[in-house]
Amino acid sequence: MAIVEVRNLVKQFSDEVTAVDNINIRTADGEFLVLLGPSGCGKSTLLRMLGGLEQPTSGDILIGDRVVTHLPPRARQIAMVFQSYALYPHMTVRNNIAFPLKAAKLTKEEQEKKIQWASSILGIDHLLKRKPGQLSGGQRQRVALARALVREPNVFLLDEPLSNLDAQMRASARDEIQMFQSQIGTTTIYVTHDQVEAMGMGHRIAVLNHGRIQQIGTPREIYETPANTFVATFVGSPPMNLVPHGNTLIGFRPENLKPVQGDVDIDNYLELRQDSIREEYLGSEKLVYGEINGIKAVARLAANHEVSHPEGSSARVMVHRRDIRVFDKESGEAIQQEPPRIITSSEPAAPSVPGFTPSPEQVVS
């Protein structure tokens with residue numbers, strides 16, 4: 001195991017294109033760190049630099065307190081698993097797993113011991129005689145992990161390894177990777193654009209956008225106390241609702257928006273009025289879409305909750321003040337400020353915040 005650290009890391013492909021812009025990260029030993037962000041945000045470029053497949057423009061990379069910035073991949077004691085599993089189709093599973101061991105000139109006895117160890121951990125010991133074309137996507141993914149595992153690396157680097165799987169298999173594979181990483185205890189850095197993967201797997205999440213770290217924290221910290229409107233609207237499905245108020249934006253998660261029943265304790269709750277648009281039934285829950293002061297928002301309610309106001313009507317809704325986050329309208333950064341006691345209908349119809357564009361999904365009920 002090893003601690004991975006990057007210091008002031010920059011990667012420029014041209015004067016106009018900076019893929020990674022002055023990033024600083026330090027993992028804990030044995031941590032599962034997820035790099036989360038939209039396509040083109042720089043997360044895969046950062047991972048490739050950690051693996052030695054790209055050279056940084058400036059900055060340093062340390063693995064186990066050793067500077068490895070300009071070392072080749074083989075000298076870094078890392079193992080990478082890619083989106084395409086890169087298995088040799090003409091080789092059996094056994095020979096695919098053994099490939100890096102043969103390259104390291106281990107004896108046949110040592111190779112067999114490691115193959116049995118890795119395949120047993122990942123539950124593929126009964127597949128060793130098959131070829132990749134005879135395996136499911138999830139099985140091929142586990143073979144790729146086993147091939148990386150036998151090298152006994154200090155660090156695992158995983159670049160969207162589940163993106164080729166269907167939804168049901170992804171859920172199963174997430175669980176397998178988590179158990180695998182927990183059992184091995186190797187520091188793991190995992191790249192994904194899927195927030196469900198990030199929230200469900202990572203000890204911590206680093207949210208990237210435009211080559212910069214927007215926030216690093218536990219899944220709960222990222223979800224409950226986003227550092228800015230980008231994190232607030234990128235993490236969460238549906239995303240955080242943002243309602244303009246003066247020079248600020250008032251943010252709250254869909255599950256925190258509740259219908260008013262009786263009198264409202266204004267010391268603890270902010271009351272709003274929502275114009276209902278439609279409901280969406282999802283089995284265990286329902287999403288109620290509407291508008292507040294012309295801004296779309298959504299509420300998440302229990303499936304058996306009966307909404308008292310029909311589509312097209314207006315209703316009183318509320319959110320507890322402890323669940324409200326306040327953001328600066330110009331910069332989009334979170335600010336420490338008491339939420340307002342009331343939001344009037346005279347607010348502007350749409351906020352202007354870098355990185356935030358109201359979408360049809362962002363509706364409050």
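Throughout, numbering of the chain's residues begins at 1 and tracks the sequence. The structure displayed is predicted, hence computed values, not measured ones.
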Between Q195 and V235 (side chain of the first, backbone of the second, donor and acceptor by atom type, cut-off under 3.5 Å), is there such a pair?
no
Below 4.0 angstrom, N of the basic side chain to O of the carboxylate: do R278 and E280 qualify?
yes
Determine, step by step, whether R94 and E112 satisfy the salt bridge (Lys or Arg N to Asp or Glu O under 4.0 Å) criterion, reporting the C-alpha distance in whole Å, the side-chain angles of both residues, the deciding distance to 0.1 Å, and the verdict.
CA-CA 9 Å; R94 181 188 298 276; E112 185 61 24; 2.8 Å; yes
Compute both the distance and the angle, then confirm whether R253 meets the cation-pi test with Y223: under 6.0 Å from the six-membered ring centre, within 45 degrees of the axis.
yes
How about H210 and R212: does a side-chain donor come under 3.5 Å of a side-chain acceptor?
no
Return yes if some donor-acceptor pair links the side-chain N/O of N293 with the main-chain N/O of I295 below 3.5 Å, else return no.
no
The reported gap from CD in Q337 to NE2 in H245 (rounded to nearest 0.5 angstrom) is 8.0 Å
I would like to know whether L87 and R147 meet side chain to side chain contact (heavy atoms under 4.5 Å, CB included); could you show each step before the answer?
CA-CA 9 Å; L87 302 178; R147 185 177 57 186; 3.9 Å; yes
I'd like to know if the side chain of E197 pairs up with that of T192 as donor and acceptor (distance under 3.5 Å, no hydrogens or angles considered).
yes
When clusters are formed by joining ILVMFWY residues with side-chain heavy atoms under 4.5 Å apart, either directly or through shared neighbours, do Y289 and Y281 land in the same one?
no
Assigning hydrophobic clusters by single linkage (Ile, Leu, Val, Met, Phe, Trp, Tyr; side-chain heavy-atom cutoff under 4.5 Å), is I184 placed with M201?
yes
Return the CZ to CD distance between R321 and E338, rounded to the nearest 0.5 Å.
7.5 Å
Going through the distances and angles, do L145 and I121 end up as a side chain to side chain contact (heavy atoms under 4.5 Å, CB included)?
CA-CA 10 Å; L145 285 172; I121 287 176; over 6 Å; no
Counting only heavy atoms not in N247 (residues, nucleotides, ligands), do more than 12 fall under 6.0 Å from its CG?
no
Using only atom types and a distance under 3.5 Å, with no angle test, would you say the side chain of S182 pairs donor to acceptor with the backbone of Q178?
no
Within 45° cone and under 6.0 Å: K11 NZ/CZ vs F13 ring:
yes
Which pair of non-hydrogen atoms, one from I324 and one from P339, has the smallest distance, and what is that distance?
CG2-CB, 3.6 Å
Parallel, tilted or perpendicular: ring planes of F32 versus H203, cut at 30 and 60 degrees:
perpendicular
Among I216, V34, V207, L36, which residue satisfies the side chain to side chain contact (heavy atoms under 4.5 Å, CB included) criterion with I222?
V207
Say whether, by atom type as modelled, one donor and one acceptor occur between the side chain of T187 and the main chain of G30 under 3.5 angstrom.
yes
T18 side-chain N/O to D21 backbone N/O, donor-acceptor pair under 3.5 Å:
no
Going by distance alone, is a donor N or O of one side chain under 3.5 Å from an acceptor N or O of the other, for D125 and Q116?
no
Using distance alone, with no hydrogens and no angle criterion, decide if S331 and D328 have a side-chain donor and acceptor under 3.5 Å apart.
yes
Let me check something: any side-chain donor-acceptor pairs from residues 37-52 under 3.5 Å, sequence neighbours excluded? List them with distances.
unit_1 : atom_1 : unit_2 : atom_2 : d
K43    : NZ     : G37    : O      : 2.9
K43    : NZ     : P38    : O      : 3.0
S44    : OG     : D159   : OD1    : 3.1

Salt-bridge present (D60, R7; N to O < 4.0 Å):
no
Ring-plane angle category for Y88 and H90, please: parallel below 30°, perpendicular beyond 60°, tilted otherwise.
perpendicular
If every non-hydrogen atom of R300 is compared with every non-hydrogen atom of P238, which pair is closest and at what distance?
NH2-CD, 3.0 Å
Of all heavy-atom pairs linking Q12 and T57, the shortest is N-OG1, 2.8 Å
Linked, directly or transitively: L53 and L71 (ILVMFWY side chains, under 4.5 Å)
yes
Compare all side-chain heavy atoms of W117 with those of E152 and state whether any distance is below 4.5 angstrom.
yes
How about CG on D263, more than 12 heavy atoms from neighbouring residues, nucleotides or ligands closer than 6.0 Å, or not?
no
According to a hydrophobic-cluster definition based on side-chain heavy atoms being under 4.5 Å apart (Ile, Leu, Val, Met, Phe, Trp, Tyr only), do I189 and F82 belong together?
yes
Is I25 reachable from V4 through a run of hydrophobic residues whose side-chain heavy atoms are each under 4.5 Å from the next?
yes
